[in-house]
Amino acid sequence: MKPHDGMYIDGEWRPAAGTETIDVVNPADEQVFATVPAGTDADVDAAVRAARAALPGWAGTAPADRAARIAALRDVLAGRRDEIAETVAAELGAPLAFAQAVHADLPIKVAGSYAELAAGHAFEERIGNSTVFHEPVGVVGAITPWNYPLHQIVAKVAPALAAGCTVVLKPAEDTPLVAQLFADSVHEAGLPAGVFNLVTGLGPVAGQALVAHPGVDLVSFTGSTAVGKQIAATAGAAVKRVALELGGKSANVILPTADLAKAVNVGVANVMSNTGQTCSAWTRMLVHRERYDEAVALAAAAAAKYVPGERIGPVVNAEQQARVRGYIEQGIAEGARLVAGGPEAPRALGYWVSPTIFADVTPGMTIAQEEIFGPVLSILAYEDEDDALRIANGTVYGLAGAVWAGDDAEAVAFARRMETGQVDINGGRFNPLAPFGGYKQSGVGRELGPHGLAEYLQTKSLQF
Ligand code: NAD
């Protein structure tokens with residue numbers, strides 16, 4: 001797509017208030033291939049004012065009409081599927097097939113789900129002598145990361161629109177083009193002016209201004225736990241609602257009765273997918289001591305299939321590459337055993353990282369505690385189920401996880417004891433309608449499906 005040099009505010013592309021720009025770099029070859037404007041306080045203020053002005057009209061639009069606009073948006077996105085995939089492939093470095101199947105198709109599906117949910121949701125209920133209205137929270141400030149750039153946008157904007165909220169989006173610096181493509185799609189779908197607004201820019205400038213703006217009623221943020229804590233503090237001081245989708249360090253627990261080869265192969269694929277840049281990735285594999293060596297051999301063989309440039313892309317930027325490499329070096333220094341990959345980049349040009357597997361990882365090691373956000377898997381041994389549970393729950397995070405066992409009931413019994421927001425049982429498929437969000441420091445609130453819609457609603461009770 002052709003980049004815009006302005007901001008999408010009040011239904012049109014307007015010149016940015018300042019002159020600073022952000023380079024958009026292809027992580028596969030380090031080439032700058034576009035620039036977008038870096039928004040200032042003035043851009044954010046104009047966007048929030050437009051969103052506030054549009055709020056009464058959109059909140060007062062019948063849910064069926066809001067649903068029709070979201071369905072139109074879904075159709076526009078579906079019509080631009082290839083362009084979405086090419087854009088994400090260029091700015092994130094995702095292999096094209098993965099960009100089509102996930103970065104394009106998932107948000108199209110999620111947009112469609114909110115067209116249906118908006119049409120069918122009970123925005124009014126009767127409780128005893130009260131009528132309870134579920135009303136939009138107001139103006140939403142949405143701040144998104146680069147790892148699933150369009151999905152994260154749609155997972156916030158679609159439910160907000162379904163609820164009757166209006167939105168100002170500040171997308172990640174590394175992936176602004178697919179956000180511009182989204183704004184074009186909103187325009188093409190015929191949403192009223194001001195209902196959706198886009199300000200590209202730096203987190204500490206445009207993002208910070210959006211969080212602090214008194215005209216924003218709810219901040220929905222996806223990104224790192226460190227930034228999430230700052231945002232929660234700023235929003236809390238103003239008694240603003242906040243939804244946070246943060247980091248993770250999820251456990252893939254393989255119980256002794258499981259199909260080991262399947263559990264290990266799916267586990268490795270889960271971590272390597274999107275070059276390990278998935279907040280819900282199962283980056284710790286937990287295997288019973290008696291089957292440990294077999295699991296490590298299977299994982300090393302599985303990792304060999306992820307050839308950089310074919311099934312796995314680069315990481316998003318130089319900083320991320322240095323960060324992941326630093327963790328790999330730290331894993332070696334702390335005594336973990338490298339069985340695949342390592343700190344050397346597999347290619348000189350671009351932000352490449354070798355798919356890496358560590359064995360002999362103990363629960364206290366840095367690589368077993370901190371989110372790496374790259375293609376790095378740690379395999380840990382446990383002695384018995386209680387030990388496995390202690391290890392699985394032994395981080396500050398609680399976003400996702402997996403349990404494998406001989407039958408689902410055994411896996412479910414273990415999953416019930418895990419401190420985490422979602423668990424895949426024996427390879428259960430991702431469900432775009434199931435609530436997605438974290439326990440502990442992985443976040444506050446839920447996205448997707450009806451629970452995601454509820455985040456953007458507040459109740460008003462009328463007594464009769
Ligand atoms: P990040 O926190 O640095 O940035 C995320 C977004 O916040 C970007 O748009 C950025 O510009 C903005 N931002 C940065 N500083 C800000 C500030 N002071 N005020 C307001 N906005 C600010 O994270 P990232 O590097 O873009 O993404 C990687 C992290 O995101 C990982 O830790 C990952 O686990 C997490 N993540 C979580 C989920 C989830 O659903 N839980 C999903 C994707 C990514």
Side-chain angles (χ1 to χ4, degrees), residues 22 27 36 38-39 41 44 91-92 102-103 106 110 141-156 168-176 178-179 198-213 216 219-235 240 242-250 271 273-283 315-324 327 370-374 395-400 420-422 430 432 434-448 452 455:
I22 296 173
V36 298
D41 288 15
V44 170
E91 61 186 356
L92 180 65
V102 177
H103 291 297
L106 178 58
V110 171
I143 300 179
T144 53
W146 43 261
N147 63 336
Y148 288 87
L150 185 60
H151 169 64
Q152 309 288 3
I153 290 170
V154 171
K156 297 187 190 311
V168 177
L169 168 68
K170 206 303 283 172
E173 293 84 335
D174 290 294
T175 53
V178 79
L198 171 70
V199 177
T200 50
L202 302 177
V205 182
Q208 176 64 36
L210 185 58
V211 174
H213 199 292
V216 170
V219 180
S220 180
F221 169 80
T222 298
S224 60
T225 299
V227 174
K229 284 178 181 172
Q230 278 179 40
I231 287 178
T234 308
K240 253 177 222 183
V242 65
L244 305 170
E245 298 287 350
L246 307 176
K249 191 73 193 175
S250 298
V271 172
S273 169
N274 210 35
T275 321
Q277 303 166 119
T278 304
C279 47
S280 55
W282 315 325
T283 49
V315 296
V316 71
N317 57 34
E319 191 187 344
Q320 200 65 18
Q321 185 191 35
R323 197 179 116 97
V324 176
Y327 275 116
E370 295 185 14
E371 183 175 56
I372 298 173
F373 229 57
T395 76
V396 297
Y397 295 114
L399 187 54
T420 190
Q422 46 263 306
F430 178 74
F436 184 94
Y439 280 29
K440 303 196 285 189
Q441 289 190 27
S442 287
V444 175
R446 293 291 180 269
E447 293 195 312
L448 303 180
E455 293 287 326

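Numbering of ligands and ligand atoms starts at 1, following listing order. Every heavy atom of this structure was used, including side-chain atoms; hydrogens, water molecules and symmetry mates were not. For reference, positions follow the sequence shown, starting with 1.
- At a 4.0 Å cut-off, not a single heavy atom of Gln320 sits close enough to ligand 1 to count as contact.
- The closest approach between a heavy atom of Ala172 and any atom of ligand 1 is below 4.0 Å.
- Close N/O approach between Ser442 and ligand 1 is not found [any backbone or side-chain N/O within under 3.5 Å].
- For atom 38 (C) of ligand 1, the closest heavy atom belonging to the protein is Cys279 SG, 2.9 Å.
- Of the protein's non-hydrogen atoms, Gly203 CA, 3.4 Å is the one closest to atom 22 (C) of ligand 1.
- Annotation for ligand 1: atoms under 4.0 Å from non-hydrogen atoms of Gln230 are 18 (N).
- Close to ligand 1: Pro171, with a non-hydrogen atom less than 4.0 angstrom away.
- If you look at Phe221 next to ligand 1, the close heavy atoms, those under 4.0 Å, all belong to the side chain.
- Contacts with ligand 1 closer than 4.0 Å are made by backbone heavy atoms (N, CA, C, O) of Thr144 only, the side chain lying farther away.
- Under the 30°/60° scheme for interplanar angles, the aromatic rings of Tyr148 and His103 are found to be tilted.
- Contacts between Glu447 and ligand 1, counted as non-hydrogen atom pairs separated by less than 4.0 Å, are absent for every part of the residue.
- Under 4.0 Å from ligand 1, the heavy atoms of Leu246 that appear belong solely to its backbone.
- The distance criterion of under 3.5 Å between nitrogen or oxygen atoms is met by Glu173 with respect to ligand 1.
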